[in-house]
Chemist: 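Have a look at this one.
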Amino acid sequence: MRHTKVKDLLNSTTTLQEVNAKGWVRTFRNNQFIALNDGSTINNIQCVVDFENTPDETLKRITTGAAISVTGNLIESKGAGQSVEIQVTKLEILGDSDAEKFPIQPKNKPSLDFLRENAHLRVRTNMFGAIMRVRSVLSFAVHSYFQQKGFVYVNTPIITGSDAEGAGEMFKVTALPFDNTPRTEDGKVNYKEDFFEKETNLTVSGQLEGETYAMALGQIYTFGPTFRAENSNTSRHLAEFWMIEPEVAFNNLDDNMDLAEDFIQYVIKYALDNCKDDLKFLEARLLDEEKSKPQADRSEMALLEKLNFVLENNFKRVSYTEAIDILRDSTPNKKKKFNYIINEWGADLQSEHERYLVEKHFKCPVILFDYPANIKAFYMRLNDNTEPGKETVRAMDILFPGIGEIVGGSEREERYDVLIEKMKALEIDEEELSWYLDTRRFGSATHAGFGLGFERLVLFVTGMTNIRDVIPFPRTPGNAEF
Ligand code: 4AD
Ligand code: MG
């Protein structure tokens with residue numbers, strides 16, 4: 001007999017049929033009631049064991065974490081909390097789970113830290129099952145959004161020779177030996193002898209390659225892993241994260257903001273429509289977590305309310321210059337509560353400032369645009385009519401409550417001469433990026449795009465607070481277990 005998924009059994013309206021279910025025991029109560037979960041839903045199916053006719057030996061092996069197969073009648077449940085249950089006629093232990101040793105015991109509510117160390121088993125908990133199902137649905141929503149709009153999905157390389165962000169935060173890729181490293185005459189590592197015969201690294205962004213494709217296919221998006229060797233040990237940073245990068249020919253910055261806002265609202269709506277049970281569970285989890293926080297630190301809205309709020313309200317669009325004025329006059333700035341005090345135009349915004357703007361001042365998602373040129377990447381479009389010394393670029397960052405920056409993007413500098421000048425000023429190797437410059441040499445045009453950090457989106461939608469909890473096996477400084 002083929003087993004039926006628990007999700008389908010729970011949705012079933014035809015009772016009194018013989019069914020088979022396979023899954024892992026969550027709990028076993030009174031020697032009679034098994035809560036069985038198979039990952040298809042957050043909900044368990046109750047399996048009622050006829051303990052009088054089941055050997056003691058078998059009953060003892062029904063422990064949390066054990067894999068079992070149950071066959072029996074699906075009947076209407078008399079108990080509260082479920083509509084149907086399985087009246088077990090045949091029970092088979094597929095894989096034992098030693099109750100003394102299985103680390104995920106429901107009774108002693110394991111901490112998130114402990115679960116991180118057991119990332120291979122944490123997915124057996126309700127919380128992580130819910131998070132990972134929501135993550136999966138969100139990735140489908142990403143593809144669904146762009147495919148419906150006729151964007152072409154492009155797989156940009158993971159190993160590259162260029163630093164797209166010019167920030168030097170790259171992991172090197174090499175097949176050279178560490179002892180006896182081949183050297184040039186002046187003592188530098190001789191990458192000519194390396195696998196690719198040049199210096200290579202893991203990509204920090206697929207944008208530059210993506211741009212070349214947008215300048216032929218019109219609208220493209222990437223969705224893949226990116227890597228940053230920045231030593232940021234925060235609850236928002238990973239060394240390996242997934243990024244979605246759309247790039248659209250003939251779009252300007254306003255179009256770019258419209259696209260980003262519409263896209264984010266679509267994927268959140270998709271999750272709300274398709275992950276009801278998981279989100280309800282995660283909302284309750286968050287409420288529970290916040291009980292231990294002082295009132296002032298608790299979120300004003302419950303999870304679902306917050307997600308609906310983002311759908312129903314336009315993101316507030318604010319220029320960098322306006323934001324600086326707001327921050328300069330803000331109470332935490334005047335009372336020197338910020339770690340970085342905002343004194344003048346040109347300051348780079350830290351996450352404390354971004355969060356103040358979003359959470360305290362505007363109380364909604366914010367799109368900041370027109371940043372000072374010298375705090376942003378080389379490829380961003382220089383604004384016309386800016387004062388000398390106060391040049392700005394057509395950049396945008398989207399800031400979210402509880403998250404800070406979720407999107408970074410810009411209109412691109414499409415003018416060859418201006419771009420070359422900028423690269424010279426920043427000492428960016430023109431030879432190395434000659435292929436990129438070809439987009440500006442041949443048929444250049446206005447275009448724009450952005451990058452959305454997928455894990456930051458998952459954080460927002462699930463209401464989790466640490467980015468390590470929304471990716472199956474997080475990579476952070478000092479941690480590459482599994
Ligand atoms: O702002 P970033 O660095 O922008 C780019 O990489 C551009 N090339 C994107 C583009 O225009 N195509 O990164 C984009 C987003 C950030 O807003 C953030 O959400 C996420 O990627 N991000 C990270 N997420 C997790 N861990 C990190 N270390 C991250 N760094 C950036
Ligand atoms: Mg950024």
Side-chain angles (χ1 to χ4, degrees), residues 135 138 142 146 151 154 156 160 162-171 202-214 219-248 251 253 255-257 259-260 263-264 267 320 348-351 353-354 358 365-369 371 375-381 393-400 402-413 436 447-461 464 466-471 474-477 479:
R135 182 182 166 108
L138 281 170
V142 167
F146 288 116
F151 281 63
V154 177
T156 49
T160 75
S162 45
D163 178 2
E165 290 301 297
E169 293 168 335
M170 297 168 301
F171 289 102
L202 293 178
T203 187
V204 294
S205 156
Q207 179 196 322
L208 303 192
E209 293 89 348
E211 280 185 54
T212 70
Y213 263 57
Q219 330 174 74
I220 65 99
Y221 71 105
T222 72
F223 185 2
T226 44
F227 307 86
R228 303 226 174 152
E230 55 187 327
N231 205 353
S232 302
N233 228 329
T234 79
S235 57
R236 308 277 178 270
H237 288 88
L238 290 165
E240 176 179 299
F241 64 99
W242 287 65
M243 185 152 51
I244 296 131
E245 296 186 274
E247 191 72 34
V248 185
N251 262 13
L253 188 67
D255 305 322
N256 204 32
M257 293 190 212
L259 177 67
F263 164 58
I264 294 175
V267 293
Y320 167 89
D348 203 354
L349 300 184
Q350 306 296 324
S351 79
H353 308 126
E354 298 176 340
V358 175
V366 171
I367 310 184
L368 285 188
F369 63 93
Y371 280 79
I375 58 171
K376 287 291 182 184
F378 72 97
Y379 50 70
M380 295 183 177
R381 175 66 159 80
V393 284
R394 305 242 71 197
M396 65 163 197
D397 275 6
I398 302 186
L399 314 178
F400 258 47
I403 306 290
E405 178 189 337
I406 192 164
V407 162
S410 67
E411 189 178 312
R412 315 307 186 190
E413 182 54 77
Y436 178 66
H447 60 290
F450 62 84
L452 173 125
F454 186 55
E455 284 73 22
R456 294 196 185 170
L457 173 72
V458 183
L459 262 185
F460 183 73
V461 174
M464 298 301 292
N466 192 317
I467 201 162
R468 292 164 179 82
D469 297 329
V470 298
I471 187 164
R475 269 80 184 92
T476 50
N479 185 17

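Only heavy atoms go into these numbers, but all of them, side chains included; no hydrogens, no water, no symmetry mates. Indexing begins at 1, ligand by ligand and atom by atom, following the structure's order.
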Chemist: Using a plain distance cutoff, I'd like to know if Gly409 has any nitrogen or oxygen under 3.5 Å from a nitrogen or oxygen of ligand 1.
Modeler: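 No; the residue has no nitrogen or oxygen that sits under 3.5 Å from a nitrogen or oxygen of the ligand.
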Chemist: Which protein non-hydrogen atom lies closest to atom 4 (O) of ligand 1, naming both residue and atom, and how far is it?
Modeler: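 Checked against all protein heavy atoms, atom 4 (O) of ligand 1 sits closest to Glu165 OE1, 4.0 Å.
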Chemist: Give the atoms of ligand 1, by number and element, whose distance to some non-hydrogen atom of Val407 is under 4.0 Å.
Modeler: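 By the 4.0 Å cutoff, the relevant atoms are 17 (O).
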Chemist: Hey, could you give me the OG1/CG distance between Thr476 and Leu238, rounded to the nearest 0.5 Å?
Modeler: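 Here the rounded value is 7.0 Å.
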Chemist: May I ask you to list the atoms of ligand 1 that are less than 4.0 angstrom from any heavy atom of Arg236?
Modeler: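 Numbered from 1, ligand 1 contributes 25 (C), 26 (N).
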Chemist: Take atom OH of Tyr213 as the centre, draw a 6.0 Å sphere, and report whether it contains more than 12 heavy atoms from other residues, nucleotides or ligands.
Modeler: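 Count not over threshold, so no.
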Chemist: Determine, stepwise, if the pair Thr226 / Val204 fulfils side chain to side chain contact (heavy atoms under 4.5 Å, CB included).
Modeler: CA-CA 5 Å; Thr226 44; Val204 294; 5.8 Å; no
Chemist: Among all protein heavy atoms in this structure, tell me which lies nearest to atom 17 (O) of ligand 1, with the distance rounded to 0.1 Å.
Modeler: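 Nearest neighbour among protein heavy atoms for atom 17 (O) of ligand 1, to 0.1 Å: Glu405 OE2, 2.6 Å.
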Chemist: Answer with side chain, backbone, both or neither: which part of Arg456 has a heavy atom less than 4.0 angstrom from an atom of ligand 1?
Modeler: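 Under 4.0 Å from ligand 1, Arg456 contributes side-chain atoms alone.
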Chemist: How far apart are the closest heavy atoms of Met396 and Phe450, and which atoms are they?
Modeler: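 Distance-wise, the nearest heavy atoms are CE-CB, 3.8 Å.
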Chemist: Between Glu455, Arg412, Glu245, flag the one that comes closest to atom 11 (O) of ligand 1 by a heavy atom.
Modeler: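 Nearest heavy atom to atom 11 (O) of ligand 1 lies in Arg412.
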Chemist: Would one find an N or O of Ile406, backbone or side chain, under 3.5 Å from an N or O of ligand 1?
Modeler: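 Right, the criterion is met.
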Chemist: I'd like to check whether Met243 has a polar contact with ligand 1, where a contact means an N/O of the residue lying under 3.5 Å from an N/O of the ligand.
Modeler: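 Between Met243 and ligand 1 (N or O atoms, distance only) the closest approach is not under 3.5 Å.
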Chemist: Could you state the interatomic distance from CZ (Phe400) to CG (Leu459), rounded to the nearest 0.5 Å?
Modeler: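 Answer rounded to 0.5 Å: 12.0 Å.
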Chemist: Backbone, side chain, both or neither: what part of Glu247 comes under 4.0 angstrom of ligand 1, heavy atoms only?
Modeler: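 Neither; nothing of Glu247 gets under 4.0 Å from ligand 1.
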Chemist: Using a heavy-atom cut-off of under 4.0 Å, does the side chain or the backbone of Phe400 touch ligand 1, or both, or neither?
Modeler: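 Under 4.0 Å from ligand 1, Phe400 contributes no heavy atoms.
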Chemist: Which value, rounded to the nearest 0.5 Å, describes the distance between Ser351 atom OG and His237 atom NE2?
Modeler: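 Ser351 OG to His237 NE2: 8.0 Å, rounded to 0.5 Å.
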Chemist: Only heavy atoms of Gly408, strictly under 4.0 Å: list the atoms of ligand 1 that pass.
Modeler: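 By the 4.0 Å cutoff, the relevant atoms are 1 (O), 9 (C), 10 (C), 11 (O), 17 (O).
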Chemist: What protein heavy atom is closest to atom 26 (N) of ligand 1, reported as residue, atom name and distance in Å?
Modeler: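 Closest protein heavy atom to atom 26 (N) of ligand 1: Leu238 N, 2.9 Å.
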Chemist: May I ask you to check whether Phe146 and Tyr221 place their ring centres under 6.0 Å from each other?
Modeler: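 Yes, the ring centres sit under 6.0 Å apart.
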Chemist: Is the Mg ion (ligand 2) less than 2.8 Å from at least one N/O/S atom of Glu405?
Modeler: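 Short answer: yes, at least one N, O or S atom is under the cut-off.
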Chemist: Under 4.0 Å from a heavy atom of Ser205: which atoms of ligand 1 are those, numbered in the order shown and with their elements?
Modeler: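 Near Ser205, the atoms of ligand 1 are 6 (O), 8 (N).
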Chemist: Is a salt bridge present between Arg412 and Glu247, judged by a nitrogen-to-oxygen distance below 4.0 Å?
Modeler: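 Judged by the 4.0 Å cut-off on N to carboxylate O distance, Arg412 and Glu247 do form a salt bridge.
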Chemist: Among Phe450, Tyr379, Phe241, Trp242, which one puts a heavy atom closest to atom 25 (C) of ligand 1?
Modeler: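 Looking at heavy atoms only, Phe241 sits closest to atom 25 (C) of ligand 1.
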Chemist: So Val248 and Leu259, do their side chains get closer than 4.5 Å, heavy atoms only?
Modeler: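 In contact.
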Chemist: Which ligand 1 atoms, with their elements, are less than 4.0 angstrom from a heavy-atom of Gly453?
Modeler: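 Under 4.0 Å from Gly453, ligand 1 has these atoms: 15 (C), 19 (O), 20 (C), 21 (O).
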Chemist: Between Arg228 and ligand 1, which residue portion shows a heavy-atom distance shorter than 4.0 Å: side chain, backbone, both, or neither?
Modeler: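 Arg228 to ligand 1: side-chain contact only, backbone stays beyond 4.0 Å.
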Chemist: Roughly how far, to the nearest 0.5 Å, is CD1 of Ile367 from CD1 of Ile406?
Modeler: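 Going from the CD1 atom of Ile406 to the CD1 atom of Ile367 covers 11.5 Å.
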Chemist: Within this structure, what is the CZ-OG1 distance for the pair Arg468 and Thr234, rounded to the nearest 0.5 Å?
Modeler: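 If I round to the nearest 0.5 Å, the distance is 7.0 Å.
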Chemist: Which of these, Glu211, Glu165, Glu411, sits in a side chain to side chain donor-acceptor pair (under 3.5 Å) with Tyr379?
Modeler: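 With Tyr379 as partner, Glu211, Glu165, Glu411 yield a single side chain to side chain donor-acceptor pair (under 3.5 Å), made by Glu165.
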Chemist: Can you tell me which residue and heavy atom of the protein come closest to atom 15 (C) of ligand 1, and the distance to 0.1 Å?
Modeler: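 For atom 15 (C) of ligand 1, the nearest protein heavy atom comes out as Gly451 O, 3.6 Å.
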